[in-house]
Every structure is written in structure tokens, then in C-alpha cells.
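Okay, structure first, notes after.
First the proteins, then the strands, lettered A, B, ... as listed; each starts at 1.
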Amino acid sequence: MLTPGWILDSFAAVMLGVAALSAARLVLARSWRRGAGLADIDLAHLLMGAAMAGTLAPGLATLPRTAWAVCFGVLTAWFGWRLARDARANGTRALASGHRAPHLVHSAAMLYMFLALAAPAAGNDQGTAGMAGSPGNAAQALSLPTLALVFALALIGYGVWDIDQLSGRRYRLALAVTGAQEPLAGVSVSPGPAAFDSTAVGTTTADRPAARAVLLSPDTTVGCRIAMGVTMALMLLIMI
Amino acid sequence: VSDIAAPGERLHWPGVPSALDSGDGAAGRVAGVVRARDARRALQLALAGCWLLDAVLQFQPAMFTRTFSDTIGAAAAGNPAVIARPITWDANLVGHHLVPLNALFAAIQLLLGLGIAFRPTVRPALAASVAWAVAVWWLGEGLGGVLNGTASPLNGAPGAVILYALLAVLLWPADSVATTGRHRVGRAVAPFTAAKAIPAPLARALWLVLWLSLAFFALTPANRAPRAVGGMIAFMASGEPGWLAGLDRGAAALVSGQGLAASAALAAACTAIAAGVYLPGQAAACTLLLAIVVATLIWVFGEALGGILTGGGTDPNSGPLLVLLALAYWPATTRGAQERGRCRGSGRARRGRPSPARPA
């Protein structure tokens, strides 16, 4: 017996949800008008969600493996370039503090996964990816399993870090609401051009419907990233 | 600021800006907090990461086969009946309901990892992790082979999962604080992170017991036999990638027939490490560094990274947890203590007022 299909399908459903959220964010926020700093994150989430859903549940597969590898190769190069630019401008702190380093790791992990999947079994001519336990798919294993472990550890590390940051910020916000009105007002100030773009999109929205505000909040972005990181680590380790 | 993240110790670890508020630092100014990490929270996050890794590994295809229940059942062998009977019952139960129970186990570990990483739930998650770890240590690992003579530092004694419980206790987010009403009137400066939640003598005693037990297990007859150490390391090479199998085979050849010498050296190192926490600052740090080196060597050569790369590992085994424990006992620096003192002083001065904004 392999990993049961219903478990993989559940994770695939989560990934589809992430992809749908990211698509909605792209549409609602009109991110492209604010520059690539916003669009790249949501686009990356959309592509990763769709690719992972298709890998977990073969029925949701959309593109051949090679096409996905090209997509994530481009995304990896993009985030690598952005990260290098940030590092040049802000020093090495940018490597630890920015949001591009985790996206670079996510993209590189996806690229590795699609490149390292063993050759498809006979009859799977399209070369679409599939998990070992997926019904109708031959068991597939990743080459260079040590790299899979390294990526999985990095993804889990970023996931844990993101949860801590997310909950810590919310915790501080809650305390600020009860104890310090003045600093809380700082949230309402639109960040300057150097600010993290998602924060600019999502923090203050008195005039925005609640659902839209939640959808566009940075917490949603980070939540998507956490879900994808954990799911990606699961996929990598299952396919070792 | 959050008492969960241990107030007054944020300056101990120089800050790294948040992934959420990088750039202008707006979110960091929200509550006027210093965007710094404390060592205990960092170790809690590492523990959360270990639980998440365990959860992910529990979803591997091999865990949904009879091999999993057979492995549990094998842990009963050699244990006293009072210990073995519940293990056998558990193995049978898992064998009959393999898929739902294994999925449940994975989900529990996933929730533990997420719960520890999520600040508002860190306390219940840590408490639940202790209960879960103790249950798994007994029903899943047969008390780590402590009672049946199979425990060895090289195979994860005294059971990796019990180290999770120990870490959860040592990293419990509470300080030994004397309070009067809402005002803190005094606090002893903990000499190391593990001594924040429990008294330092008790923390040192736990470390002493752990490493002395490892020294003892290294010298049991089964482990000091001439071919015991080499055989154990060579066995772990099976199914591993080439580089790791090569390392293991090389190490096995090195100690082949030298079981007694290797065990004695390991026991001596464990004894020195056990006593190290009673030494003054620099000497203690040296023994803790030795502990990290020994744990790493055990993880690579004795445990083969927990067998994760074979697709059959349920956890990373004891090596990384021993490293985390060593970090939890790392002596607090004088500079860190001074900064904490300043932080407490300024915190008292500012109490009742919002903190000023801090430049990004």
C-alpha cells in the first residue's frame, strides 16, 4: 500500500484553494499596476498551487512536467535576481528579512522536484507528474534524495518562521489595541516605496469590504506560503 | 509584549526583521516592541520544526504498510510484561486500522508542530507534546529499549521521542519570577535557557542523568562487544544514498573489532559532557560544544540521519534533539545578561505607557 489517495487529494484541495486565492488576489488587487513586486508573489503562488495540485492528484494535472520545470526555472531566476538586487541595496540582512528568500527556496524546490522525478513509466507519455500513491500512476522517486531532504528542511524552517511571525504580529496587534492606541495608528500609515509590498496592500482598509480586506491582507499571503511549504515538504519526502 | 515569548529577554538574540514588516518596519512599531528574538523562542521553533518533520515523515508510503505495525510490535520484545502488553495491544490496534490511525498520528504531530510555532497556542501545544511523546515512547518505542538491553547512544537511546518531552519541559514559556500582583519584583538571571522554566539545579540534574545514562548504555555488554559498534554502523548503511553509505561503511571499518575501545571513548565523552554543565562558563561551553559534535557524529554515523533518506524514517532520531538540548544549556553571555538588565530597567520606567517607535 502507498500513501492513500484521499490524503493526497486533501492536500491537493488545499493547494487548489491556495491557487484560487492567489488568482483572486491578482484580480482584486490589480497587483500588476503596482509593479512586479506584488504580482510575482501571487503569480508564483498561483503556479505552485496548480502544479502541486496536479502532482498530488493526477486528475488535476494541467501541464507537462517539462513545462512546469521551465516555469519554475524562470521563477527561480526571477526571485534570485530580486534577492541579489535587495542584497546589494540593503546588505545581507535582506537575505534574512525579505520575503524573496523563501519564495526563491519554494521556486527552487519546485524546479528540483520536476527535474528530479524519475523518468515516467511506460504509458505515461505526457510526462505529467504524479505522486507515488496516486491511483493510476507508477511509483516515482526523486533522484538526489539528499537535496530533497535539504529542501524539505528549509521549507519546514521557513514555515515555522512564518507562523511565528504571523502569530507574533497578531499577538502584538491585539495587545496594541487594548493598551496603546497611538502606535496602532501607525498601521494606518501607508508604507513608503521601500515597504514590503504586501503590507502596503493589506493593512488598512476601513473603506474596503471585510472579505476583500482579508483576501488582500499580507496574512493571507503568508498563510498560503505556510500551506505550500508544508505540502511541498510532504511531497518531497514522500517521493524520496 | 508577549509573555509567551518570554518578556525581558528579547535583546538576548540580536533581531532579525520580520518577513512581514520588512522595509519600513511599520508592523514592528505597532506595539513598540523590539524586533528581536530570544533564544528560548528560537529553540521552541526548532522543536516545532522537528514535530512538523515528524508529521511529514509519518505520511510516507512505508508508514501505511504492515511494516509500521510490525515495528511497533517488535518494541515489546524483551520488555517486562507490564510494559510489553500495552505495546502489543497497540501494535495490533494499529495493524487492524492502519490507514486511519497512521493518518491520525500524522495529523496529531502536524498540529503539535503548528501549535508550538503559533504563539497563542504554544503552551497547550507543548503540554500536549509531552503527553504524546510519553505515550509514543512507551507504546511505540518500548521505552527506547532502556529496559531490554538494546538501548545504545548510537541507535537513539534513551528514545528520541522522550527528548521531545524533555525539550518541551525545558522550553516551557514561563520564567521563575516572583510577582506581587501585576508588578514583577524580582527575577533571578538564568544561567542558561533551560534554567528559565525550571530551577537551574534541576535542569543540570536532568542533563546529568541524560548523558550519564548514555555513558552507561555505551558500556553495556551488548554494546561493548568487539563487533558491536562497527556492526551497528554498517547496518545503518543499508538503503542510504551513496555518500552516506560510504561514510557509514568507512566508519564501520575504522572501528571494526574495536568495540570496547570505541564504547569506552564514547562513554568517556558522555561522562565529560554530563559533568560539563557544572563547570564555569568557558569550560561549560567547551563541553557543550563537545556534546554538539558527539550528537552530530551519532546522527550521521550511528543513526544515518534517522534513516530519512531510505524513505522509512519516522523521525530524525536523537541527534538533532541532543544538539537542541545542548543549545538550551549554552551559558548566557555577560553581555546578554547586562542587556536583559537594561531592558528590565527601561521596561519598568516605561510601564503603563506605549513604547516609542524604534527606527527600522
Side-chain angles (χ1 to χ4, degrees), chain A residues 1-4 7 93-94 96-99 102 132-133 139 141 144-146 148-149 152-153 156-173 175-176 179-184 186-187 189 191-192 194-199 203 218-219 222 230 233-234 237-238 240, chain B residues 1-2 4-5 16-33 37 41 44-46 48-50 52-53 55-57 59-61 63-66 98-99 103 106 110 113-114 116-122 241 243-244 305 308-311 352-357:
Chain A
M1 182 184 285
L2 301 169
T3 303
I7 292 177
R93 279 175 75 91
S97 64
H99 60 99
L144 299 175
T146 309
L149 176 61
L153 292 178
I156 288 172
Y158 272 122
V160 166
W161 173 259
D162 278 340
I163 296 169
D164 175 63
Q165 293 291 296
L166 197 62
S167 57
R169 181 167 165 267
R170 282 203 169 283
Y171 202 76
R172 293 196 298 268
L173 276 169
L175 289 174
Q181 291 301 319
E182 187 183 345
L184 183 61
V187 182
V189 177
F196 173 37
D197 310 301
S198 293
T199 308
T203 41
D219 294 0
V222 178
V230 173
L234 172 110
L237 291 179
I238 281 182
I240 277 181
Chain B
V1 297
S2 163
I4 288 175
V16 175
S18 157
L20 286 166
D21 56 7
S22 62
D24 69 337
R29 290 197 296 264
V30 165
V33 297
R37 316 298 310 174
R41 183 60 185 156
Q44 286 172 357
L45 292 180
C50 289
L52 276 183
L53 179 61
V56 170
L57 291 172
F59 280 116
Q60 291 178 113
M63 303 303 149
F64 291 95
T65 66
R66 293 286 302 185
L98 196 53
V99 172
L110 190 66
L114 295 176
I116 294 171
F118 193 64
R119 289 184 183 226
T121 57
V122 66
W243 68 271
L244 186 54
L305 311 186
I308 293 174
L309 295 176
T310 65
R353 302 200 309 267
S355 303

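- A:Leu234 approaches B:Val56 most closely through the heavy-atom pair CA-CG1, 3.3 Å.
- Within the 4.5 angstrom heavy-atom criterion, no atom of B:Leu244 approaches chain A.
- Closest heavy-atom contact between B:Val99 and A:Pro4: CG1-CG, 3.6 Å.
- When heavy atoms are compared at a cutoff of 4.5 Å, A:Leu144 does not approach chain B at all.
- Within the 4.5 angstrom heavy-atom criterion, only side-chain atoms of A:Ile7, from C-beta onward, approach chain B.
- A:Thr146 OG1 to B:Leu309 CG: the interatomic distance, rounded to the nearest 0.5 Å, is 5.0 Å.
- Counting only heavy atoms from C-beta outward, the side chains of B:Gln60 and A:Thr3 never approach each other to under 4.5 Å.
- When side chains are defined from C-beta on, B:Leu110 counts as touching A:Val230, because their heavy atoms get closer than 4.5 Å.
- Atoms CG and CD1, on B:Leu114 and A:Ile163 in that order, are 4.5 Å from each other to the nearest 0.5 Å.
- With hydrogens and angles disregarded, no donor-acceptor distance shorter than 3.5 Å links the side chain of A:Ser167 to the backbone of B:Phe118.
- Residues B:Ile308 and A:Ile240 come closest through the heavy atom pair O-CG2, 4.0 Å.
- Contact between B:Leu53 and A:Leu153 at its shortest, heavy atoms only, is CD2-CD2, 3.8 Å.
- Note that the CG atom of A:Leu166 and the CZ atom of B:Arg119 stand 11.0 Å from one another [nearest 0.5 Å].
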